[in-house]
Structures are given as structure tokens and as C-alpha cells.
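No experiment lies behind these values; they were computed from the predicted model shown. Just so you know, these numbers use all the heavy atoms, side chains as well, and skip hydrogens, waters and symmetry mates.
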Amino acid sequence: MSETTADKIFRALMERVITGDLAAGEKLRQDHIAREYEASHVPVREAFLRLEAKGLAKSVPRRGMRVTDLEPTEIREVIEMRVALEVLALSHAVARHDTETLGELNLARLACDAAVDMFEWDRCNRQFHRCLLAPCAMPRVLSAVEDLHIAAARHLFAYWKDRWVPRPDGDHAALLDAVRRQDSKGACVLLRDHLRRVS
């Protein structure tokens, strides 16, 4: 299915919020964004509603749509929710991985290791985790995990952007190896430790 104009605007604005290009509290001006993306107001409004549903923007009475604040205290909750939900998903995904999904997972791992800046790394890292969990066949869990990835990424950019350095991710390699061996228990332990280590 091809992307709609609203999809494109939503994804572009979402990435800008995650990376801090659109700062917490910043007003999202419908007219400016419509001009920037050469679109009518309808897809921009739809994109705003989707940002709001993801917790990235909020309609403030008499102040318009604004980027939500970044709460430093929420990251611990986000990490523990990711541990609970991603480990659950992985426990169902391991046995369902096949040659094709393992190939996609390896490509995502290699792309993550090859990233030259944090922007590229973040996109590839989220893709690795999506590929790792996708075979679980639990769409509600995966949807919740995707929202948690977005929240976690905002914190990473806010606090680690100036300290990030490119490096191969040994945890990703170990996870891929465990999934290849169909070691569900080992993979879940690795994922739990990985998610808590990056906090």
C-alpha cells in the first residue's frame, strides 16, 4: 500500500520530534507545515491527530498544537514496559522465525552497525527490533512496542546525541545467534539485559 500525503507528513514530523529538531513545547503551525510539504490542510490535520495519538503532540486550548514535553522521569517506566512487552513478543517470535525473517534481521543488524550518525542508527535500531519481534503475530503488542520505541528514542536523542559513537552492537549479534539456534529462553534473557543496559 502506497503512502498517503498524511502518512508522509506524519512520518517526517514524527522523526523531527524524536530527534529534537522540533523541540518540546514548540508550536506546530498548520499553515507553515502545509506550505513546507506542499499539501492542503486536511492531511496536515490528520498528521497532527496521529502525532497526538502517539503522545508526541498535544492540542493546548488557545495555544494550538504543540510538541509534548519530554519528562525525564518517564524513561524508567518506558524501559520496564519495553522489557515486559518485547520479551513477551520475542518468546512467541523465536519459533516462528524462518530463513527469510532471519535474513531481514541480519540485514537490519548490519545496517545498524554500519550507521555513521545517530539519526541513521536510531532508524536502523528500531528496524532491528521490529524484525526481531515481527513473527510473534501479536499486533496489539507490536503496536504498543512501536510507541515505546518512539518514546525511548526521544530520550536517547535528548541525552545521548552529543555522546553517541558508531560501534558494532554485540547484543544484536548475540540475539541473532540465539534466534538462529531457536534458543527462546537465551534470547529473552539477552533482550532483557540489552534493553536495561541501554538506559
Side-chain angles (χ1 to χ4, degrees), residues 1-79 81-82 85-86 104 107-108 111-131 133-134 139-166 195 198-199:
M1 191 170 70
S2 60
E3 270 197 328
T4 65
T5 301
D7 290 335
K8 291 173 185 173
I9 295 170
F10 163 70
R11 291 193 179 282
L13 293 177
M14 179 179 73
E15 294 298 330
R16 289 172 67 184
V17 172
I18 287 172
T19 60
D21 181 47
L22 288 170
E26 187 168 340
K27 185 171 183 177
L28 298 174
R29 300 179 185 279
Q30 195 175 110
D31 289 345
H32 293 180
I33 290 169
R35 280 197 299 274
E36 184 178 351
Y37 293 98
E38 298 180 341
S40 71
H41 287 191
V42 174
V44 175
R45 278 196 297 270
E46 184 181 329
F48 282 5
L49 290 172
R50 290 167 66 183
L51 287 172
E52 196 166 21
K54 294 287 185 189
L56 297 175
K58 184 177 181 180
S59 180
V60 181
R62 296 182 298 281
R63 297 185 66 209
M65 188 69 74
R66 292 183 178 267
V67 176
T68 52
D69 290 333
L70 193 63
E71 299 294 341
T73 55
E74 81 173 356
I75 189 58
R76 176 53 51 192
E77 180 184 9
V78 167
I79 290 165
M81 288 176 71
R82 281 189 67 184
L85 291 178
E86 291 193 43
E104 291 170 356
L107 287 174
C112 204
D113 286 353
V116 295
D117 59 43
M118 192 171 178
F119 305 97
E120 184 184 354
W121 173 83
D122 173 61
R123 284 192 294 274
C124 294
N125 183 59
R126 282 186 271 153
Q127 179 62 16
F128 175 85
H129 282 265
R130 274 193 293 270
C131 290
L133 305 178
R140 290 186 183 187
V141 171
L142 292 176
S143 178
V145 166
E146 186 70 23
D147 288 349
L148 292 168
H149 284 178
I150 291 167
R154 281 190 81 190
H155 284 273
L156 281 171
F157 273 96
Y159 303 114
W160 288 94
K161 187 160 51 178
D162 297 330
R163 290 182 280 174
W164 184 87
V165 291
L195 291 173
V198 299
S199 59

Nearest heavy atoms of [X] and [Y], plus distance in Å:
{"X": "Asp122", "Y": "Ala153", "result": "OD1-CB, 3.4 Å"}
{"X": "Pro43", "Y": "Ile9", "result": "CB-CD1, 4.2 Å"}
{"X": "Arg123", "Y": "Arg130", "result": "O-NH2, 4.3 Å"}
{"X": "Ala6", "Y": "Ala47", "result": "O-CB, 4.0 Å"}
{"X": "Phe157", "Y": "Met118", "result": "CZ-O, 3.6 Å"}
{"X": "Asp21", "Y": "Glu26", "result": "O-OE1, 4.1 Å"}

(request) Flag the pair Glu15 and Arg126 as a salt bridge only when some basic side-chain nitrogen lies within less than 4.0 angstrom of an acidic carboxylate oxygen. (result)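 Here Glu15 pairs with Arg126 in a salt bridge, since their nearest N and O are under 4.0 Å apart.
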Compile the donor-acceptor pairs under 3.5 Å between side chains in residues 53-61 and protein atoms, sequence neighbours left out, one pair per line.
from, atom 1, to, atom 2, distance (Å)
Lys54, NZ, Asp147, OD1, 2.7

(request) Indicate yes or no: at least one non-hydrogen side-chain atom of Asp31 is less than 4.5 angstrom from one of His41. (result)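 Yes, close enough: below the 4.5 Å cut-off.
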(request) Decide yes or no for Val116 and Pro166: does some side-chain heavy atom of the first lie under 4.5 Å from some side-chain heavy atom of the second? (result) no
(request) Report the C-alpha distance between Gln30 and Arg45 in whole Å, list the side-chain angles of each, state the deciding distance to 0.1 Å, and finish with yes or no for side chain to side chain contact (heavy atoms under 4.5 Å, CB included). (result) CA-CA 7 Å; Gln30 195 175 110; Arg45 278 196 297 270; 3.1 Å; yes
(message) I'd like to know whether CZ of Arg140 has more than 12 heavy-atom contacts from other residues, nucleotides or ligands below 6.0 angstrom.
(response) no
Could you state the interatomic distance from [atom1] ([X]) to [atom2] ([Y]), rounded to the nearest 0.5 Å?
{"X": "Phe128", "Y": "Glu104", "atom1": "CZ", "atom2": "CD", "result": "12.5 Å"}
{"X": "Leu70", "Y": "Ile18", "atom1": "CG", "atom2": "CD1", "result": "11.5 Å"}
{"X": "Met81", "Y": "Arg76", "atom1": "CE", "atom2": "CZ", "result": "14.0 Å"}
{"X": "Arg66", "Y": "Leu51", "atom1": "CZ", "atom2": "CG", "result": "15.0 Å"}
{"X": "Asp7", "Y": "Glu46", "atom1": "CG", "atom2": "CD", "result": "7.0 Å"}
{"X": "Asp69", "Y": "Arg154", "atom1": "CG", "atom2": "CZ", "result": "8.0 Å"}

(request) Start with the C-alpha distance between Phe119 and Thr19, add both sets of side-chain angles, then the distance that settles side chain to side chain contact (heavy atoms under 4.5 Å, CB included), and finish with yes or no. (result) CA-CA 7 Å; Phe119 305 97; Thr19 60; 3.5 Å; yes
(message) For Glu74 and His155: C-alpha separation, side-chain torsions, deciding distance, then whether side chain to side chain contact (heavy atoms under 4.5 Å, CB included) applies.
(response) CA-CA 9 Å; Glu74 81 173 356; His155 284 273; 2.9 Å; yes
(request) State which residues pass ring-ring contact (aromatic ring centres under 6.0 Å, His included) with Phe10; sequence neighbours excluded, sorted by chain then number. (result)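 Partners of Phe10 by the ring-ring contact (aromatic ring centres under 6.0 Å, His included) criterion come out as none, since no residue qualifies.
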(request) Begin from the C-alpha positions of Arg29 and Ile33 and carry the test side chain to side chain contact (heavy atoms under 4.5 Å, CB included) through to its verdict. (result) CA-CA 6 Å; Arg29 300 179 185 279; Ile33 290 169; 5.7 Å; no
(message) Angle between ring planes, His149 versus His129, binned at 30° and 60°: parallel, tilted or perpendicular?
(response)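 If you compare the ring of His149 with that of His129, the planes turn out perpendicular.
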